[in-house]
Amino acid sequence: QVQLVESGGGSVQTGDSLTLSCAVSGRAISSFAMGWARQAPGQEREIVASINWRGERTSYLDSVEGRFTISRDNAKNTVYLQMSSLKPEDTAVYYCAAVQKHFPPSSWPEYDYWGQGTQVTVSS
């Protein structure tokens, strides 16, 4: 059984940085595409960043482009999301997701596995 566990969330001020980690167990992620999604209260879940199986290709939501960086360490079975210049509108529960494909899907329902989420709160 594949399990994803996020960590690194917290409460920060506008302009601060945070790095989220996603530790995966049960399967090697080396053949999985991975993604980070977020969901704010009353909002639909959205993919903010994704990365292909080798880490060669990344994709970002327009609103986080240039501020967020997704990366992966297949040897550690871990995926990261570095977030900088955080804004109040980045406040959400952030989820790690995995899909049994080499390249990430275009929408969040197509991911196969999800973590439990970690809260990120950015205050002004």
Side-chain angles (χ1 to χ4, degrees):
Q1 184 175 356
V2 179
Q3 291 188 320
L4 289 72
V5 178
E6 303 95 337
S7 62
S11 297
V12 297
Q13 301 287 322
T14 297
D16 284 351
S17 300
L18 274 179
T19 296
L20 306 182
S21 299
C22 172
V24 182
S25 61
R27 288 277 300 277
I29 66 169
S30 54
S31 61
F32 285 21
M34 303 293 296
W36 284 94
R38 69 186 180 188
Q39 188 166 19
Q43 302 293 319
E44 186 171 350
R45 189 171 297 192
E46 58 183 359
I47 297 294
V48 297
S50 60
I51 188 167
N52 74 324
W53 63 308
R54 289 182 174 175
E56 302 157 328
R57 298 185 188 180
T58 57
S59 179
Y60 299 94
L61 187 68
D62 286 347
S63 61
V64 308
E65 181 84 51
R67 300 189 297 121
F68 289 13
T69 302
I70 187 172
S71 60
R72 62 191 297 157
D73 186 336
N74 288 346
K76 295 183 177 180
N77 238 35
T78 301
V79 181
Y80 306 96
L81 184 67
Q82 295 174 280
M83 305 184 293
S84 62
S85 301
L86 283 162
K87 305 175 181 181
E89 50 263 44
D90 294 319
T91 295
V93 177
Y94 282 72
Y95 298 90
C96 178
V99 61
Q100 298 183 77
K101 297 179 180 179
H102 286 178
F103 294 93
S106 57
S107 62
W108 68 265
E110 298 177 72
Y111 282 83
D112 298 315
Y113 306 102
W114 291 87
Q116 82 289 347
T118 185
Q119 177 71 45
V120 172
T121 302
V122 185
S123 56
S124 57

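Start at 1 with the first residue, then count along the sequence.
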Visitor: Can you tell me how far apart OG (Ser25) and CG (Leu4) are? Round to the nearest 0.5 Å.
Guide: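 Separation between the atoms: 8.0 Å.
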
Visitor: For Ser31 and His102, run side chain to side chain contact (heavy atoms under 4.5 Å, CB included): C-alpha distance rounded to whole Å, both residues' side-chain angles, the deciding distance at 0.1 Å, then the answer.
Guide: CA-CA 6 Å; Ser31 61; His102 286 178; 4.3 Å; yes

Visitor: Nearest 0.5 Å please: distance from the CG atom of Leu81 over to the CD atom of Glu6.
Guide: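 That separation rounds to 11.0 Å.
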
Visitor: Please check this pair: side chain of Asn77 against backbone of Ala23, looking for a donor-acceptor N/O pair closer than 3.5 Å.
Guide: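 Looks like no, no N/O pair under 3.5 Å.
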
Visitor: Can you establish whether the number of heavy atoms outside Glu89 located under 6.0 Å from its atom CD is more than 12?
Guide: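 Yes, because the 6.0 Å sphere around CD of Glu89 holds more than 12 heavy atoms from other groups.
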
Visitor: Quick check: closest heavy atoms across Thr19 and Gln82, and the distance to 0.1 Å?
Guide: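 Minimum heavy-atom contact is OG1-CG, 3.7 Å.
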
Visitor: In this structure, would Tyr94 and Leu61 fall into the same cluster of hydrophobic residues linked by side-chain contacts under 4.5 Å?
Guide: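 Same cluster: Tyr94 reaches Leu61 through Ile, Leu, Val, Met, Phe, Trp or Tyr contacts under 4.5 Å.
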
Visitor: State the CZ-OG distance between Phe68 and Ser85, to the nearest 0.5 angstrom.
Guide: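 Reported to 0.5 Å precision, the distance equals 9.5 Å.
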
Visitor: Look up atom CE in Met34 and atom OH in Tyr113, then write down how far apart they are to the nearest 0.5 Å.
Guide: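 These two atoms lie 11.0 Å from each other.
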
Visitor: Closest heavy-atom contact between Ala37 and Arg45?
Guide: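 What the structure gives for the nearest pair is CB-CG, 3.9 Å.
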
Visitor: Over all heavy atoms of both residues, which pair between Pro104 and Tyr111 is shortest? Give the atoms and the distance, please.
Guide: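 It is CB-OH, 3.5 Å.
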
Visitor: Do we see a donor-acceptor contact under 3.5 Å between the side chains of Gln119 and Thr121?
Guide: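 There is such a pair (donor and acceptor under 3.5 Å, judged by atom type) between the side chains of Gln119 and Thr121.
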
Visitor: Could you measure the distance from the CG atom of Asn74 to the CD1 atom of Ile29? Nearest 0.5 Å is fine.
Guide: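 Going from the CG atom of Asn74 to the CD1 atom of Ile29 covers 4.5 Å.
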
Visitor: Could you tell me if the side chain of Val2 sits less than 4.5 Å from the side chain of Val24, heavy atoms only?
Guide: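 Val24 reaches Val2 side chain to side chain.
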
Visitor: Quick check: is Tyr80 connected to Ile51 through a chain of hydrophobic side chains (ILVMFWY, heavy atoms under 4.5 Å apart)?
Guide: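 As far as the 4.5 Å side-chain criterion goes, Tyr80 and Ile51 are not connected within one cluster.
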
Visitor: Distance check, rounded to the nearest 0.5 Å: Thr14 atom OG1 versus Leu86 atom CG?
Guide: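 It comes to 8.5 Å.
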
Visitor: Between Trp114 and Tyr95, how do the two ring planes meet: parallel, tilted or perpendicular, split at 30° and 60°?
Guide: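 Rings of Trp114 and Tyr95: perpendicular, as their planes differ by over 60°.
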
Visitor: If you compare all heavy atoms of Trp53 against all heavy atoms of Ser30, which two are closest, and at what distance to 0.1 Å?
Guide: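 In this case the closest contact between Trp53 and Ser30 is CE3-O, 3.3 Å.
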
Visitor: Mark yes or no for whether Ser123, through its side chain, and Val12, through its backbone, hold a donor-acceptor pair below 3.5 Å.
Guide: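 Checked: pair present.
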
Visitor: Is the backbone of Asn52 close enough, under 3.5 Å, to the side chain of Arg72 for a donor and an acceptor to pair up by distance?
Guide: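 Between the backbone of Asn52 and the side chain of Arg72 there is a qualifying donor-acceptor contact (under 3.5 Å).
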
Visitor: Under 4.5 Å between side-chain heavy atoms, hopping through other hydrophobics if needed: is there a path connecting Ile47 to Ile70?
Guide: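 In one cluster with Ile47: Ile70, no.
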
Visitor: Of the non-hydrogen atoms in Val79 and Ser71, which two are nearest, and what is the gap between them?
Guide: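 For Val79 and Ser71, the tightest heavy-atom pair comes out as CG1-O, 3.3 Å.
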
Visitor: Mind listing the closest non-hydrogen atom pair of Arg67 and Asp90 along with its distance?
Guide: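 Where Arg67 meets Asp90 most closely, the heavy atoms are NH1-OD2, 2.8 Å.
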
Visitor: Group every Ile, Leu, Val, Met, Phe, Trp and Tyr by side-chain heavy-atom contacts under 4.5 Å, then state whether Tyr60 and Leu20 land in the same group.
Guide: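 In one cluster with Tyr60: Leu20, yes.
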
